[in-house]
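Chain A is the first sequence line, chain B the second, and so forth, proteins listed ahead of strands; every chain is numbered from 1.
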Amino acid sequence: MERISFQAVEKKWQKYFSKNKLYNEKGKKFYCLEMFPYPSGKIHMGHVRNYTIGDVLARYKFLNGFNVLHPMGWDAFGLPAENASRINNLHPKTWTENNIKIMKSQLKMLGLSIDWNLEISTCDKSYYKHQQEIFIDFYNQGLVSRKETYVNWDPVEKTVLANEQVINGKGWRSNAIVERKKLSQWFFNITKFSEELLNDLETLKGWPEKVKLMQKNWIGKSFGCEINFEVENKKEIIKIFTTRPDTIFGASFIALSVDHPLSKKFKNDNKFLRFKESCNKTGTTEEALANADKLGFNTELFAKHPFLPDKKIPIFFANFVLMDYGTGAIFGCPAHDQRDFEFATKYKLEIIQVVSDGGSQNNKLQEAFTGEGKIINSDFLNGLAVREAKSKIIKKIEEKKIGKSRTLFRLKDWGISRQRYWGCPIPMIYLEDGSVVPVDKSELPIELPENINLNSKGNPLDAHPDWKNTVHKSTGKKALRETDTLDTFVDSSWYFLRFCSPNHKNSPFDQEKINYWMPVDQYIGGIEHAILHLLYSRFFTKGISKFSKDIKFSEPFKNLFTQGMVCHESYKDQSGKWLYPNEVKKINSNSAIKKSDNSKVIIGPAESMSKSKKNTVDPETMINQYGADAVRWFILSDSPPEKDVQWSDTGVVSANKFLQKVWNLNYLISKREEKDIDKKVEVNFISKINSYIFKIDKSINNFRFNVSIALFYEIYKFLKDSVNTKISNKVFVNSLKDIMKLMIPFIPHLAHECLELHNCKNFNNWPKFKKDVLDEIKLAVQINGKTRDIITIKKDLDEKEIFNYITLNSKAKKYLIDKKIGKTIFVKNKIINYILPN
RNA sequence: GCCCUCGUGGUGAAAUUGGUAGACACAAAGGACUUAAAAUCCUUGCCCUUUUGGGAGUGCCAGUUCGAGUCUGGCCGAGGGCACCA
């Protein structure tokens, strides 16, 4: 066996890759982008998977003649740098730069086809300068506003979170229970694009349906109408929003949010204040959210029913009505809304059924009926279907001028102020007269101060002695800087544009360049960004195209691929402490011992690798041990890319062994002695290789890299079995070279080394599949729908010829000879099925 | 509660989109080589049969079809998203 040192070979080809990029000036453009990493310290297996998938595609496209842009950068602002700097007494900048250096060298070890000349880092002032510029442009377009609202406060990170960053009532990163706090904040008015963000989802044909659905639900469009209710004996009018105006005759109460303007009337009412306080408390814990009881505060006021002059409807404040959705007021129709039903039951309010559920009207409802049916008990709406009743009542309401139809979105504006140091400074200043204005663009970038005390209480920039003192350039007046920094999701909302012209000086991007490269042809990353990052990036693209009129695209990512996670079993020792896999010795699939003292280890289920559970495997260790190609090979081989994959050490060991065999076979062929030649054997060999080229090509196009790899195992076996057959060296080597080219995207180092061994000079083309080389096909022979034989015959034979062949040569003949055949189902080149009457 | 996705060997998974179920890999068992081990190679994988063969079989129940892992309806189970959104 001819051995190869992967480490040496990989170093050699990495030098080659760093000089030879994937540019094909004549080719069609292909922008291949993987989500850029946060520089946390070292790369993890999730990165390996993400970037290997991207690399396969980038190289494949290049080999097929595309002009490929394949950049990489760093999502370099963020809280961990501040935490780390407090612990290690390192400046966040130093910490981040060190991490970038390490991770960059690790990524290079993987043999990725990245053009490092395009590298960007979001914490560089050359990057965030342009981000500040975009911010000011957005401000000038009315896409930025400052509002005092209740915000999601993360008590661990001591900062504000956007709605999208709260998962099950907890911070997306800290996992701490989020609190409600009233603060003045900067917002991007993402809701100005609600309709576009929703509608354009339909144009994203290359996105997973699942992600589009998640965004659709998040944007949450609903259609209904506003109705004004007069308050009896008062001047006030309560405006409510409903999607079920057809149930207006079933209205039995009005419910208001405790923050509704009408609450001002009760600001001296202690009972109300106590009620309000209890409402603010619910919602702070997950448990409270889950079993939140419907609570109400009776105002003793009544509203007039807009269509029943004699009817009085009690008005309540209720804990389940939100001020920031709709008008902060609803009418309750208990018969047809489960929440209203619970509320009415609790406070003994009327329950009037107005939509027939088909049952007897005398039966008391046990729960709200929300289905379709005919309207009843509703005057002029009686007999109509729900749908018809909706449009009729809205028309009536508009005629009477007591309301209007309205479309509402669940999506809220994106709060972007963060009380942190390590982020992009917000380029706004506060003048002494109270006005707030953007800084002059000529003053950009507004740089972060280098000297900072991160142990100060509250916002570090605010606590800085003089950073915030400044002067308004055009008036010369004293001013104070905004000391909040931008949410780091802003940094990643436009980096894909910057990659197209990363060194462009005077503006965020070169217009011509982005019109050439954008949109991203293939974007690859984790599903966890289905809403957050992907929605924000879409918003940015739409926002920028508002003031850069010549931009030719309105969506950033043409095709999206969401890869699965890398999982591993977790291990605990007898005392319940987590153990790293390399501290554990596996005995068999369900038992293991601790290496240090041979004590028994408890094996947990395979879960996404995480530092807290220590179920991680270090990519660099693996690369050093088995080679980058073996690591790439394994991570692609075991599961389809969109599903989770379980890391297995035996898996990567066998990948390494297989690659050794691939090298050995190449070496063997390079020394092969010339054989006697049989033309027929050669033709069969070539046609088989040809069909493999077709299959590999197809599997890559379908993102079925695990299938590609299974095929390579088959191909290896086939080639090995063919070594001593009557094939000329020329034919054999040419076929082998084709196969090695197919392997370039997967194992670029070894594939190049093998090609070099065969004196191949051109690494930059993809083998072409020739149609119709194979003129034999496999046909299934069925009797009564059961497969009895598979026969290999000439292509395009007709029914009769096949029947003759079967009765002579097939083991299925015993079913057919001397039998009456009732019916024959024949699908050319696929199947023949004889139905015999019994 | 609402919405979505998925159920195939001991395990990860293939299956030309309605046409050979389990490719390929991991693990296991048996065998060959070896003084032995490692490495390597081969075989096996549910039931009946010594073999040739034959049968059952893709979560469960029904349906459509010459033919269903794939299509339809119902049920069961797992995972994910949203959650007082009016």
Select base, sugar-phosphate, or nothing to describe what [X] touches, counting heavy atoms under 4.0 Å on all strands.
{"X": "A:E209", "result": "nothing"}
{"X": "A:V321", "result": "base"}
{"X": "A:Q646", "result": "nothing"}
{"X": "A:K661", "result": "sugar-phosphate"}

With rounding to the closest Å, how many angstrom separate the [atom1] atoms on [N] and [M]?
{"N": "B:A83", "M": "B:A23", "atom1": "C1'", "value": "44 Å"}
{"N": "B:U72", "M": "B:U5", "atom1": "P", "value": "11 Å"}
{"N": "B:U49", "M": "B:G54", "atom1": "C1'", "value": "8 Å"}
{"N": "B:G57", "M": "B:C48", "atom1": "C1'", "value": "15 Å"}
{"N": "B:A86", "M": "B:C4", "atom1": "C1'", "value": "23 Å"}
{"N": "B:C24", "M": "B:A14", "atom1": "P", "value": "14 Å"}

Please state how far atom [atom1] in [X] lies from atom [atom2] in [N], giving the value in whole angstrom units.
{"X": "A:L256", "N": "B:A86", "atom1": "CG", "atom2": "P", "value": "18 Å"}
{"X": "A:R788", "N": "B:C66", "atom1": "CZ", "atom2": "P", "value": "19 Å"}
{"X": "A:E642", "N": "B:G12", "atom1": "CD", "atom2": "C1'", "value": "14 Å"}
{"X": "A:K212", "N": "B:U5", "atom1": "NZ", "atom2": "C1'", "value": "15 Å"}
{"X": "A:F316", "N": "B:A86", "atom1": "CZ", "atom2": "C1'", "value": "17 Å"}
{"X": "A:N833", "N": "B:G18", "atom1": "CG", "atom2": "P", "value": "17 Å"}
{"X": "A:D649", "N": "B:A25", "atom1": "CG", "atom2": "C1'", "value": "16 Å"}
{"X": "A:E569", "N": "B:U11", "atom1": "CD", "atom2": "P", "value": "14 Å"}

- Query: Considering residues at least two apart in sequence or located in another chain, which fulfil the salt bridge (Lys or Arg N to Asp or Glu O under 4.0 Å) criterion with A:D340?
  - Reply: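 With neighbours one apart ignored, the set is empty.
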Please state whether the rings of [X] and [Y] are parallel, tilted or perpendicular, taking 30° and 60° as the class boundaries.
{"X": "A:Y834", "Y": "A:F803", "value": "perpendicular"}
{"X": "A:Y692", "Y": "A:F718", "value": "tilted"}
{"X": "A:F705", "Y": "A:F703", "value": "tilted"}
{"X": "A:W633", "Y": "A:F712", "value": "tilted"}
{"X": "A:Y325", "Y": "A:F241", "value": "perpendicular"}
{"X": "A:F307", "Y": "A:F249", "value": "tilted"}
{"X": "A:H305", "Y": "A:F229", "value": "perpendicular"}

Note: contacts of residues 700-707 of chain A with RNA chain B (heavy atom, under 4.0 Å) are A:R704, A:N706, A:V707
Please list residues of residues 219-229 of chain A whose heavy atoms come under 4.0 Å from any atom in RNA chain B, ordered by number; otherwise none.
->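 Here the set is A:S222.
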Which of the following nucleotides, [options], is nearest to the side chain of [X]?
{"X": "A:Y325", "options": "B:A86, B:G54, B:A23", "answer": "B:A86"}
{"X": "A:L322", "options": "B:A23, B:C26, B:C84", "answer": "B:C84"}
{"X": "A:Y713", "options": "B:C24, B:U40, B:U20", "answer": "B:C24"}
{"X": "A:M214", "options": "B:G81, B:U20, B:A86", "answer": "B:G81"}
{"X": "A:I531", "options": "B:C66, B:C82, B:U40", "answer": "B:C82"}
{"X": "A:S639", "options": "B:C85, B:A23, B:A13", "answer": "B:A13"}
{"X": "A:P640", "options": "B:A13, B:C66, B:A86", "answer": "B:A13"}
{"X": "A:A710", "options": "B:A13, B:C24, B:A86", "answer": "B:C24"}

Identify whether the glycosidic angle of B:G9 places it syn (within 90° of 0) or anti.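 In terms of base orientation relative to the sugar, B:G9 is syn.
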Expected label for B:U8 (glycosidic angle, syn inside 90° of 0, else anti) would be anti
[X] vs [N]: side-chain N/O to OP1/OP2 distance below 4.0 Å:
{"X": "A:K643", "N": "B:C6", "value": "no"}
{"X": "A:S637", "N": "B:A25", "value": "no"}
{"X": "A:K823", "N": "B:C66", "value": "yes"}
{"X": "A:R410", "N": "B:A86", "value": "no"}
{"X": "A:S654", "N": "B:C26", "value": "yes"}

Check your understanding: Does A:T327 or A:K717 map to a spot on RNA chain B nearer the 5' end, using the closest nucleotide for each?
Key ->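 Upstream on the strand: A:K717.
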Margin query: Need to verify one output field. Residue with the more 5' nearest nucleotide on RNA chain B, A:L213 or A:I831?
Written below: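 By nearest-heavy-atom nucleotide position, the 5'-most residue is A:L213.
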If [N] has a Watson-Crick or G-U wobble mate with both distances under 3.5 Å, name it; if not, just say none.
{"N": "B:C24", "answer": "B:G12"}
{"N": "B:U5", "answer": "B:A78"}
{"N": "B:A37", "answer": "none"}
{"N": "B:G73", "answer": "B:C61"}

**Prompt:** How about A:Y347 and A:F316: are their ring centres within less than 6.0 Å of each other?
**Reply:** yes
*Side-chain donor-acceptor contact under 3.5 Å, A:Y716 with A:E714*: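 Not at all, the side chains of A:Y716 and A:E714 share no donor-acceptor pair under 3.5 Å.
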Worksheet item: Which is it for A:C567 and A:D644 under the side chain to side chain contact (heavy atoms under 4.5 Å, CB included) test, yes or no, and what are the steps along the way?
Response: CA-CA 7 Å; A:C567 300; A:D644 288 355; 4.0 Å; yes
Note to self: Could you go through A:D246 and A:R387, starting from their C-alpha distance and side-chain angles, then the distance that decides it, and tell me whether this counts as salt bridge (charged side-chain N to carboxylate O under 4.0 Å, His left out)?
What the structure shows: CA-CA 8 Å; A:D246 54 300; A:R387 229 193 146 103; over 6 Å; no
Go through A:K212 and A:E202 one step at a time and tell me if the salt bridge (charged side-chain N to carboxylate O under 4.0 Å, His left out) criterion holds. CA-CA 8 Å; A:K212 286 193 275 187; A:E202 282 173 38; over 6 Å; no
